[in-house]
Amino acid sequence: MSVEQVKEKWSNQISTLTIGATKEEGGTRTSKVVVGGESTLPYLFDEGQIPNKPVIAMEILDSEPVDWPCVLKEPFKGVLNDPVQWAKKCVDEYKAELLCLRLQGIHPDFGDASADKTADTVKSILQAVGVPLIILGCDHAEKDNQVLPKCCEVAKGESCLFGDATEDNYKTLTAACLADGHNIIGESPIDINIAKQVNILITDMGFDIKKIAMNPTIGALGYGMEYAYSIMERARLAALMGDKMLSMPFICFVGQEAWRSKEAKGAQAEHPEWGPEAQRGPVWEASTAISVLLSGADILTMRHPKAVEIVRKTIDSLMKK
Amino acid sequence: MALSGLDIYKLLPKTNCKECGFPTCLAFAMQIAAKKVELAKCPHVSDSAKQSLESASRPPVKLVTIGSGENKLELGNETVMFRHEETFYHPTGLALLLEDTLAAAEIDKRVAAINKLRFERVGQNINADLIAISCASGKKEIFVEAVKKVLSASDFNLILMCEDAAIIKAAAEAAKQRRPLLYAANKDNAEDMAKVAKELSLPLVVRAEDLEQLAELSKKVTAQGVEDLILDSGNKDLTDKIDDLTQIRRLALKKTFRPFGYPTLAITTSADPYQEVMQASAFVAKYAGIVIMKGVEPWQILPILTVRQNIYTDPQKPLQVEAKVYEVGAVNDKSPVMITTNFSLTYYTVEAEVESSRVPSYIISAYCEGMSVLTAWAAEKFTAETIAKTLNECGIKDKIAHQEIIIPGYVAVLSGKLEEESGWKVKVGPKEASGIPSYLKSLKN
Ligand code: SF4
């Protein structure tokens with residue numbers, strides 16, 4: 001019996017974001033990462049194009065992580081206080097295509113590293129590896145505004161992705177990224193209207209829409225994942241129906257969120273019914289990732305190499321068409 | 001096409017006898033049109049009216065029940081493609097595979113492992129639901145034996161997997177009390193399987209490799225009088241399966257396409273235990289009514305059940321915890337006291353951080369209609385006045401020998417007013433829960 005399928009037709013597509021610039025483009029990266037460009041809902045290949053696969057950015061910190069559990073530190077033993085070696089390990093050993101440098105150490109409570117010192121770290125990492133770079137501040141507006149512009153400057157021409165610009169603090173970073181040719185992350189607190197507002201504020205400063213990624217602020221699996229899931233679905237639907245100011249690719253801080261949950265980091269001794277944390281932690285991170293992938297994530301920042309490996313395989317099977 | 005309330009009214013007896021529980025036939029008709037009640041509630045409706053009303057009185061995705069009594073598992077009755085449009089109603093049933101060729105001791109072991117797949121998180125019990133016993137042996141005695149063994153060792157609901165109608169009938173008879181799901185009618189055995197399902201009035205899976213054949217089979221089996229179906233479009237690549245599940249749901253909801261008006265079933269295909277978790281989670285998020293998988297490790301099942309718990313949370317009704325004083329760890333009268341809202345996500349995030357700090361503390365969850373701290377503050381549900389009132393009434397005063405309260409960093413502005421209102425000393429905690437452990441540890445020094 002013939003079944004007339006219900007196919008959706010969309011009028012708009014997600015913008016295409018390129019991170020990294022090679023020699024020809026005025027940078028020194030040996031590879032680039034291109035995300036976005038979808039003209040269909042996640043993984044419904046029959047109704048539009050999904051030209052680029054979602055990409056995992058492996059997270060590295062500029063200073064020894066203060067709140068990482070043992071399971072998470074274990075694979076990086078020996079490089080946790082050396083961001084350059086850490087970056088190399090991710091690229092050489094774990095085949096990272098994209099790195100996400102989180103500047104924890106500039107926070108007044110966690111080292112208060114200076115702008116110059118941090119800019120040097122960024123320079124060294126860019127020299128040590130050829131993959132493109134995401135650079136995140138420390139969520140301390142004042143300090144971020146001191147340090148990030150300096151990092152933009154030393155990475156000029158490399159087309160990094162910097163974050164995050166928020167509704168209350170976007171001007172300094174937007175101006176710096178604009179001046180030095182970088183991409184920017186607009187962050188909103190699980191709120192579609194603010195997401196749109198942030199994108200408008202950034203583009204109003206003359207920023208190219210194609211150089212913006214949206215961070216919708218996700219919660220870990222079990223800790224509010226469903227809020228982000230639905231916000232992302234709503235934003236993606238609105239984008240495909242024509243809303244240009246919601247048409248940017250999503251970046252989701254999967255590792256950061258997942259590893260806060262006790263189901264990821266709790267010791268087996270305390271929760272024998274949950275099974276060993278060596279499997280449980282990475283799977284919690286990976287399950288958080290699959291949830292946001294299904295609601296439209298384009299870039300995932302992740303932490304545990306095993307979780308990265310799992311999700312990479314899943315992405316391959318999702319894209320197998 | 002669905003009928004309007006008025007169309008339905010025209011077909012009712014119009015006697016306003018109230019036996020349906022509604023004051024008038026018209027009121028009843030309106031409720032049928034809104035798909036809130038079944039036509040069967042009216043004892044006087046004529047057969048011909050029944051037929052023309054069938055499509056209007058039946059929800060687009062039929063509610064199918066497996067099992068009985070307290071343990072029954074209800075699937076279907078879904079109304080939307082995206083949870084933000086309303087909610088997803090009946091959480092995916094998670095089934096664990098068990099092959100009848102396992103040695104007796106192995107069956108016992110596996111069933112025992114499956115029985116343990118029950119967890120409590122954020123105040124809710126979540127558990128796996130079904131054991132899917134597969135007739136890998138192809139032998140009636142062995143299959144029935146395995147089914148009996150599982151029946152006595154577990155109170156989980158059952159899926160009987162066998163494509164030989166005679167064998168499945170013997171097993172289904174043995175398990176009839178449990179109202180098992182039969183798996184599956186395919187193009188070769190549909191007639192015989194339908195007979196078994198009809199005779200024992202059990203739910204039946206129809207399985208075909210593509211949507212056309214699936215629709216065909218679904219029609220054929222319902223024509224034989226089987227009412228409760230589950231649809232399986234076969235094992236395929238992850239994206240193809242997501243495609244099928246999406247089409248089945250869309251056709252049921254948007255086209256009221258009856259052959260697809262039933263819950264669906266998906267089986268994981270990956271031999272890699274990690275990918276199996278990914279597949280199962282994807283099926284849960286993407287409309288599967290039942291997922292059958294092989295892995296029974298808690299580290300595999302807990303995340304899948306949590307995906308289900310999240311996706312099936314009603315977006316309209318934030319989960320709340322009881323507003324009261326919670327004790328975390330071995331508290332005494334000097335332990336710190338923190339206050340937050342009764343939004344369950346907020347509360348449990350705070351609780352998890354307090355736990356990991358290993359500093360025994362009291363957490364007061366203040367009644368704020370299940371709003372988060374900032375939302376509740378903005379809506380004036382979490383103010384100096386309401387916090388002062390909570391401190392007075394929640395009973396914390398009898399538990400401690402100090403008067404210091406730690407408030408969330410986001411409402412630091414309340415400190416002065418709250419000190420005035422309550423007479424307590426107010427300390428401002430961190431904004432984000434993740435800052436709690438270091439904050440609590442710093443208090444101790
Ligand atoms: S039971 Fe039937 S006839 Fe009586 S009021 Fe209800 S709809 Fe009308």
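Proteins get letters first, then strands, A, B, ... in listed order; numbering begins at 1 in each. Here the structure is a predicted model, which means the values were calculated and not measured.
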Original post:
What do the steps show when you test B:Glu351 against A:Lys262 for side chain to side chain contact (heavy atoms under 4.5 Å, CB included), and what is the final call?
Top reply: CA-CA 10 Å; B:Glu351 189 199 76; A:Lys262 64 177 175 191; 3.8 Å; yes
**OP:** Start with the C-alpha gap between B:Gln247 and A:Val6, add the side-chain angles, then the distance that decides, and say whether side chain to side chain contact (heavy atoms under 4.5 Å, CB included) holds.
**Re:** CA-CA 7 Å; B:Gln247 277 304 328; A:Val6 190; 4.2 Å; yes
Original post:
Which pair of non-hydrogen atoms, one from A:Tyr227 and one from B:Leu345, has the smallest distance, and what is that distance?
Top reply: CE1-CD2, 3.9 Å
**OP:** Taking atom NZ of B:Lys116 as the centre, report whether more than 12 heavy atoms of other residues, nucleotides or ligands fall under 6.0 Å from it.
**Re:** no
Original post:
Quick one: CD on A:Glu4 to CZ on B:Phe257, what's the gap to the nearest 0.5 Å?
Top reply: 10.0 Å
Original post:
Taking atom CG of A:Leu44 and atom OG1 of B:Thr246, what is their separation to the nearest 0.5 Å?
Top reply: 5.0 Å
Original post:
Is chain B contacted by the side chain of A:Tyr43, its backbone, both, or neither, given a heavy-atom distance below 4.5 Å?
Top reply: both
**OP:** Apply side chain to side chain donor-acceptor pair (under 3.5 Å) to A:Glu277 and list each qualifying residue two or more places apart in sequence or on a separate chain.
**Re:** none
Original post:
Would the number of heavy atoms belonging to other residues, nucleotides or ligands and lying under 6.0 Å from CD of A:Glu142 be above 12?
Top reply: no
**OP:** Run the numbers on A:Gln279 and B:Gln300 for side chain to side chain contact (heavy atoms under 4.5 Å, CB included), then give the verdict.
**Re:** CA-CA 9 Å; A:Gln279 277 93 30; B:Gln300 293 179 293; over 6 Å; no
Original post:
Does the side chain of B:Phe82 come within less than 4.5 Å of A:Ser230's, by heavy atoms?
Top reply: no
Subject >> Over-ring placement of A:Arg280 relative to B:Phe119, 6.0 Å and 45° cut-offs >> reply: no
Subject >> Residue pair B:Asn310 / A:Ala220: nearest heavy atoms and the distance that separates them >> reply: OD1-O, 4.4 Å
Original post:
Under 4.0 Å between a Lys/Arg side-chain N and an Asp/Glu carboxylate O for A:Glu263 and B:Arg121?
Top reply: yes
Original post:
For B:Gln309, is it the side chain, the backbone, both or neither that has a heavy atom under 4.5 Å from a heavy atom of chain A?
Top reply: neither
Subject >> Separation between CZ of A:Phe110 and OG of B:Ser438, rounded to the nearest 0.5 Å >> reply: 6.0 Å
Subject >> Value rounded to 0.5 Å, distance of CD in B:Glu353 from OG in A:Ser261 >> reply: 9.5 Å
Original post:
Do A:Trp284 and B:Pro303 come close enough that some side-chain heavy atom pair is under 4.5 Å?
Top reply: yes
Original post:
Checking A:Ile231 against chain B: side chain, backbone, both or neither under 4.5 Å from a heavy atom?
Top reply: neither
**OP:** Check the pair B:Thr239, A:Phe45 against side chain to side chain contact (heavy atoms under 4.5 Å, CB included), reporting the backbone distance first and the verdict last.
**Re:** CA-CA 8 Å; B:Thr239 27; A:Phe45 286 84; 3.5 Å; yes
Subject >> Top of A:Lys313, A:Glu8, A:Glu226 for chain B proximity - count of heavy-atom pairs under 4.5 angstrom >> reply: A:Glu226
Original post:
At a heavy-atom separation under 4.5 Å, does B:Tyr312 approach chain A through its side chain, its backbone, both, or neither?
Top reply: neither
**OP:** Under 4.5 Å, counting heavy-atom pairs only, tell me which of B:Asp237, B:Val122, B:Leu214, B:Asp210 racks up the most with chain A.
**Re:** B:Asp237
Original post:
Got a second to check how far A:Lys265's NZ is from B:Ser356's OG, nearest 0.5 Å?
Top reply: 4.5 Å
**OP:** Nearest 0.5 Å please: distance from the CD atom of B:Glu85 over to the CG atom of A:Leu237.
**Re:** 7.5 Å
Subject >> Flag if over 12 foreign heavy atoms under 6.0 Å of CH2, A:Trp274 >> reply: yes
Subject >> Donor-acceptor side-chain pairing of A:Thr314 and B:Gln275 below 3.5 angstrom >> reply: yes
Original post:
Taking every heavy-atom pair that is under 4.5 Å apart, which of B:Val277, B:Val307, B:Asp272, B:Val284 has the most such pairs with chain A?
Top reply: B:Val307
Original post:
Taking B:Thr346, B:Ile311, B:Thr349 one by one, which has the highest count of heavy-atom pairs under 4.5 Å against chain A?
Top reply: B:Ile311
Original post:
Are more than 12 heavy atoms from other residues, nucleotides or ligands located less than 6.0 Å from atom NZ of B:Lys219?
Top reply: no
Original post:
For the candidates B:Arg250, B:Lys254, B:Glu432, which exhibits the highest count of non-hydrogen atom pairs separated by less than 4.5 Å from chain A?
Top reply: B:Arg250
Original post:
Going by an N to O cut-off under 4.0 Å, is there a salt bridge joining A:Glu270 and B:Arg358?
Top reply: yes
**OP:** Can you establish whether the number of heavy atoms outside B:Lys294 located under 6.0 Å from its atom NZ is more than 12?
**Re:** yes
**OP:** Go through B:Glu212, B:Gln279, B:Glu355 and name the one with the most non-hydrogen pairs under 4.5 angstrom from chain A.
**Re:** B:Glu212
Original post:
Is there any residue in residues 300-311 of chain A with a non-hydrogen atom under 4.5 Å from a non-hydrogen atom of chain B, and which ones are they?
Top reply: A:Lys306, A:Ile310
Original post:
Any chance CD of A:Gln49 has more than 12 other-residue heavy atoms, nucleotides or ligands included, within less than 6.0 Å?
Top reply: no
**OP:** Any pair with a residue in residues 61-70 of chain A that passes salt bridge (charged side-chain N to carboxylate O under 4.0 Å, His left out), sequence neighbours left out, goes on the list, sorted by first then second residue, please.
**Re:** none
Subject >> Within residues 285-295 of chain A, residues adjacent to chain B where the heavy-atom gap is under 4.5 Å >> reply: A:Ala286, A:Ser287, A:Ile290, A:Ser291, A:Leu294
Original post:
By a 4.5 Å heavy-atom criterion (distance strictly below it), what part of B:Pro437 contacts chain A: side chain, backbone, both, or neither?
Top reply: neither
Original post:
Who wins among B:Ala282, B:Ser344, B:Ala352 for the most heavy-atom pairs under 4.5 Å with chain A?
Top reply: B:Ala282
